[in-house]
Amino acid sequence: METEANARAPKGPAAAGKTATARAAALAMAAAALAAPSACGGGGSDSSGFVFLPSAPPPAPAPAPAPPAADGPMVRQTTAGKVEGVDDSARTGTWFWKGIPFAKPPVGALRWRAPAAPEPWTGIRQASKFGNACLQIGRIFSPGANNTYDETIGTMLGKPSGSEDCLFVNIWRPATEEKNLPVLLFIHGGSNISGYTADPLYDSAALAKAANAVVITASYRLGILGFLNVPQLRPGGTEGDDSGNFALLDNMAALRFIRDNAASFGGDPGNVTLSGESAGATNLLSVMTSPMAKGLFHKAFEMSGGISLASNLPAGTLPSLSPASVSLAQGEAILEKLLVADGTVADATAAKAYIAGRTPAQIADYLRAQDGGKMLTTVVAAGLGAVGPIPDGTVIPTDPIGAIAADQYVKVPMLSGNTRDEGKLFASLLGTIGFPKSGWIVSDAQRFSMMFNFNPDAAPTLKVEDIIDPFYLPVDKPGTGYDAATALITKGLFEANRDNLLDTMKTRQSNIWHYRLDWAQQAAPWNDVYGAAHAFDLPFVFGNFGPSVLSNVIRGKANEKGRLALSNAVMASVGAFMRKGDPNTPELGATWAPWPSQLLLDATPAATQITLKQ
């Protein structure tokens, strides 16, 4: 048997079986072993011999990669990336995600183009704050300098505010793990020229909690950035760009976001209620007639909207929409005005010649190079800023009411509402409908200051005489009193459009319910100045009576009990409608029959007072 030394010795074919050679090899190995200490520094510097160093240890294995950090409880996956919201359960019983983009910023080459899908992002996007308001010229319903309701609204009146990078959604839901909740998308009002989703009036926590639903607000382009009929901007294609209805395309892009992402937030994409107020309701109704909207929503809740043309209405009434020819003439006038305003040409005649000598691409480039704020300022100053849905025949029909009559619309359960005194919010317009002057003697800045600083629980300091022109006093004077004069706006605009819409829809469906808000329990003088004015149903629907441009004059200890009871009943009814397409619920204390019956929503200072008007 070989020794360990024999086994380690080099072996060649000539050494096999030769014992002497094996012994020599063993002696050599022993000598080498004795020499090793010198090689390790134990001997002199001139030591010699074979040196056997220990082999290097094997490299340490690489550490296993750390597992990815678990997403926080408020992180949700959207089609564009992850977002992290806020657990607001301790304060409101809800979770929320704000400022989620549903489209690319419509800037540069995307100005006046159909909204494009948002750019995907990596990592987790924080969704704790509202996105920008859309660019607008400041009005009472516009944001202040801080994108919210504060005293700077008064200083921003008539000035550009907001940004063109503004297409965001905000999402609220109850702080539970419940899934397949009904979803509501709300489109704010503001005459399609103002408004913003960060307005505290539209905070949706209370409604989401009360209705046990996912409530979403979405912004959309305003003014001529949202509606502009200029042939040189038409790129062709099937995305709707040629229509000029960019705001409506934004509304539908928000609906597609919900279709693709609602489930991530616990919502049911197969049960979406599209809602809006004022201009938002007009946009909603326009979308209902769009062939592009089929399948995107399943119920509708409109407040104070209309889509009637003058040809649909009796003489002496006011339409909500104008034919596309009107917006085309407006677009031409806007282009000419901009060319003169920036010094490109000297006058309108020169502007026409300049336009005729340029290609569509050159005109489009000129318009897209305009500074947004300066452009809006010029257009509004020229009296060309009023906009609305354009019945272009592609995105929406040339006659939307006619399309409903022909059963060419998104036929879904309809909840509709108005306020008893709609016209009182528009008293400044009395001089334009046959009366000698405006209904108010104060400017918007003065009126905003009065509202902002009003304390409903303090001793009165304001009188109707401080706000309403004496021509219209006393307010209940027959014929020319403030109530009678503003009632003409209510009847000639809001009720005429409502009746035309719902009566036409009634020929195609029976599941239509209508309410009228009659509540007018504000502290003086606002009970006379506004009463149940346009938009005053919004605080009741959203359950918001905290500081906002409307709620400041609505709330007060004297009316609190009845006001909150009415709001709770309204929110319960909205929730019932979202769930089953019928607004009847025990909280109303009355059976709500379909249109043409109306449910009158009112309250005493202490309790609800809800009745059915047949």
Side-chain angles (χ1 to χ4, degrees), residues 101 103-119 131-138 142 156 158-168 192-194 196 219-237 239-250 253 324 327-387 390 392 395:
K104 285 181 181 176
V107 300
L110 295 182
R111 181 191 273 179
W112 296 305
R113 293 298 303 269
E119 202 71 48
N132 301 320
C134 286
L135 185 62
Q136 58 197 276
I137 299 299
S142 296
M156 294 295 293
K159 299 176 183 177
S161 65
S163 168
E164 288 187 66
D165 178 3
C166 66
L167 298 183
F168 303 98
N192 269 310
I193 60 174
S194 64
Y196 62 113
S219 49
Y220 58 97
R221 283 170 279 185
L222 300 169
I224 65 166
L225 294 167
F227 296 99
L228 185 62
N229 191 355
V230 172
Q232 293 91 335
L233 291 173
R234 298 173 186 167
E239 299 299 311
D241 308 72
D242 287 4
S243 74
N245 286 301
F246 308 102
L248 300 184
L249 298 176
D250 293 343
S327 62
L328 181 63
Q330 178 191 24
E332 293 171 354
I334 286 171
L335 177 55
E336 293 171 9
K337 187 64 67 174
L338 291 172
L339 287 164
V340 174
D342 68 8
T344 300
V345 299
D347 54 32
T349 301
K352 293 181 189 298
Y354 181 93
I355 295 166
R358 299 298 186 281
T359 66
Q362 288 173 320
I363 294 298
D365 288 345
Y366 167 79
L367 286 170
R368 290 194 170 101
Q370 296 291 305
D371 175 81
K374 291 180 180 178
M375 177 175 64
L376 291 188
T377 300
T378 298
V379 169
V380 171
L384 295 169
V387 299
I390 301 166
D392 67 297
V395 170

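Every heavy atom of this structure was used, including side-chain atoms; hydrogens, water molecules and symmetry mates were not.
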Could you check whether any side-chain N or O of [X] sits under 3.5 Å from a backbone N or O of [Y], counting only pairs where one atom can act as donor and the other as acceptor?
X	Y	answer
S142	S194	no
R221	L249	no
N229	G244	no
D241	R113	no
N245	I390	yes

Next item on the list: Using side-chain contact (heavy atoms from CB on, under 4.5 Å) as the criterion, list what pairs up with D242, not counting sequence neighbours.
Entry: R234, P235
Note to self: side chain to side chain contact (heavy atoms under 4.5 Å, CB included), that's the test. Do L367 and R111 meet it? Break it down for me.
What the structure shows: CA-CA 9 Å; L367 286 170; R111 181 191 273 179; 5.9 Å; no
Check: With sequence neighbours excluded, what pairs up with Q232 under the side chain to side chain donor-acceptor pair (under 3.5 Å) test?
Finding: none
So which atom in [X] and which in [Y] form the shortest heavy-atom distance, rounded to 0.1 Å?
X	Y	value
L225	W112	CA-NE1, 3.6 Å
V395	S243	CG2-OG, 3.3 Å
V340	A346	CG1-O, 3.9 Å
I224	L384	CG2-O, 4.4 Å
P115	A253	CG-CB, 3.7 Å
I193	Q136	O-CB, 3.4 Å

Next item on the list: Identify, with sequence neighbours excluded, every residue that meets salt bridge (charged side-chain N to carboxylate O under 4.0 Å, His left out) alongside E119.
Entry: K104
Checklist line | Sequence neighbours excluded - salt bridge (Lys or Arg N to Asp or Glu O under 4.0 Å) pairs with any residue from residues 371-380 | finding: none
Checklist line | Pair listing, salt bridge (Lys or Arg N to Asp or Glu O under 4.0 Å) test, anchored in residues 336-357, at least two apart | finding: E336-K352
State the [atom1]-[atom2] distance between [X] and [Y], to the nearest 0.5 angstrom.
X	Y	atom1	atom2	answer
L248	Y220	CG	OH	9.5 Å
L335	I355	CG	CD1	3.5 Å
L376	L135	CG	CG	4.5 Å
I334	L339	CD1	CG	12.0 Å

Checklist line | Pairs involving residues 353-363, ordered by first then second residue, that meet side chain to side chain donor-acceptor pair (under 3.5 Å) (sequence neighbours left out) | finding: T359-Q362
Next item on the list: May I ask you to test the S219-D250 pair for a side-chain heavy-atom distance under 4.5 Å?
Entry: no
